[in-house]
Amino acid sequence: MKINGVPYRSVWIDQTDNRTVCIFDQTKLPFSLVTLQLTTSAEVAHAITSMQVRGAPLIGAVAAYGLALALSKDASDAAMEDEAAMLAATRPTAINLRWAIERMLTKLRAVAEKDRVAVAYDEAGHICDEDAAQNEAIGRHGLELIREIAKNKKSGEKINILTHCNAGWIATVDWGTALAPIYMAYDEGLPVHVWVDETRPRNQGAALTAWELGSHGVPHTVIVDNAGGHLMQHGKVDLVIVGTDRVTAQGDVANKIGTYLKALAAHDNGIPFWVALPSTTIDWRVRDGLREIPIEERSPQEVTTVTGETAAGELQTVRITPQGSNAANPAFDVTPARLVTGLITERGRCTASAEGLRKLFPGSIS
Ligand SMILES: CSC[C@H]1O[C@H](OP(=O)(O)O)[C@H](O)[C@@H]1O
């Protein structure tokens with residue numbers, strides 16, 4: 001995606017040493033665009049756990065490079081297995097993280113130690129290239145959906161899309177998932193407008209999605225998480241598109257906390273609720289999302305405080321609850337397939353069901 005006309009990806013290798021892994025520090029957005037240079041697997045692990053880098057497909061890609069950094073230090077079998085396990089354990093919900101590490105291990109176990117570093121960087125690069133291509137394809141398939149909605153609107157009438165959290169290009173290697181169709185619709189001249197859920201407590205919507213859409217010129221309005229249902233009741237939402245961290249073999253969807261409530265409101269108001277994902281986000285090993293998908297529990301401090309920029313341009317974190325109050329912070333929830341209109345994948349759209357997934361990905365599930 002371009003920033004001020006310059007093309008960027010969300011992760012890249014420093015050309016000066018062909019080793020250092022570069023990312024944007026997403027905890028500094030939207031106030032400043034800061035590049036972090038990661039030189040060890042420990043730094044990669046910290047970047048993932050602290051959400052300096054986040055987004056299901058992106059943490060998989062960055063973890064893959066983290067393994068390459070680890071191998072640069074010690075390419076032995078024991079070290080490789082330990083580092084892979086450490087990186088895979090940084091966040092439990094996004095299946096892309098486990099998928100990327102398992103793909104790297106499958107490749108590297110068959111390679112001599114002396115060749116592992118080069119092969120690891122090469123394979124991580126393929127993971128990145130494939131993610132960017134898959135998300136571009138998701139954009140094209142999702143664009144068809146937006147065109148269909150546009151046909152039922154008066155000429156020039158806004159197409160109002162609600163999204164939750166950030167599933168844009170900064171959450172992936174490039175393009176994004178939920179936002180890819182929106183970028184393409186905007187670029188094609190369709191009159192899209194996006195309701196951006198702020199997405200407490202980390203405010204990925206208010207801070208990241210708003211920054212992405214604003215940088216690209218896409219009209220958008222930031223709303224509190226609890227406003228979405230009201231807007232749907234009053235006919236102000238034509239479509240909901242969200243990303244996901246894990247989809248089960250029967251179409252249950254794990255995504256940022258609050259997604260389930262949007263799906264309920266969309267269902268109650270007869271509004272299409274679509275989930276955009278690359279196939280690397282499908283966990284073919286689980287069927288019942290509510291019972292089988294681990295939900296990350298993050299620090300209560302993310303709930304009891306809020307971080308923003310002061311008038312002087314300094315980042316500041318302030319407490320918003322009494323000292324003695326407890327806080328709970330589940331980072332994801334699971335939307336049952338019955339509330340999902342459909343899935344937008346790199347191979348096209350399908351119903352959120354085993355049958356729908358089997359049609360697009362034959363042989364992936366029995
Ligand atoms: C294409 S990103 C999918 C997913 O990842 C985000 O979670 P987090 O910000 O905690 O990494 C969010 O759930 C997005 O929808």
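Whatever order the structure lists them in is the order used to number ligands and atoms, beginning at 1. If you're wondering where the values come from, they're calculated on a predicted model, not measured in any experiment.
Residues Val318 and Val306 have side chains in contact (heavy-atom distance under 4.5 Å, counting atoms from C-beta outward).
Relative to the ring axis of Phe332, Lys256 places its NZ or CZ within 45° and under 6.0 Å from the centre.
When heavy-atom distances to ligand 1 are checked against 4.0 Å, the residues falling inside are Met51, Arg54, Gly55, Ala56, Pro57, Arg91, Cys165, Asn166, Ala167, Ala171, Thr172, Thr177, Gln204, Gly243, Thr244, Asp245, Asn255, Lys256, Phe332, ordered by chain and number.
Tyr183 and Trp169 have their aromatic ring centers separated by at least 6.0 angstrom.
The backbone N or O of Leu108 sits less than 3.5 Å from a side-chain atom of Arg116, completing a donor-acceptor pair. In this structure, the side chain of Glu83 does not engage the main chain of Ala79 through any donor-acceptor pair within 3.5 Å.
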Under 3.5 Å, which donor-acceptor pairs do the side chains of residues 17-24 form with other protein atoms, sequence neighbours left out?
from  : atom 1 : to    : atom 2 : distance (Å)
Asp17 : OD1    : Arg19 : N      : 2.8
Asp17 : OD1    : Thr20 : N      : 2.9
Asp17 : OD2    : Thr20 : N      : 3.4
Asp17 : OD2    : Thr20 : OG1    : 2.4

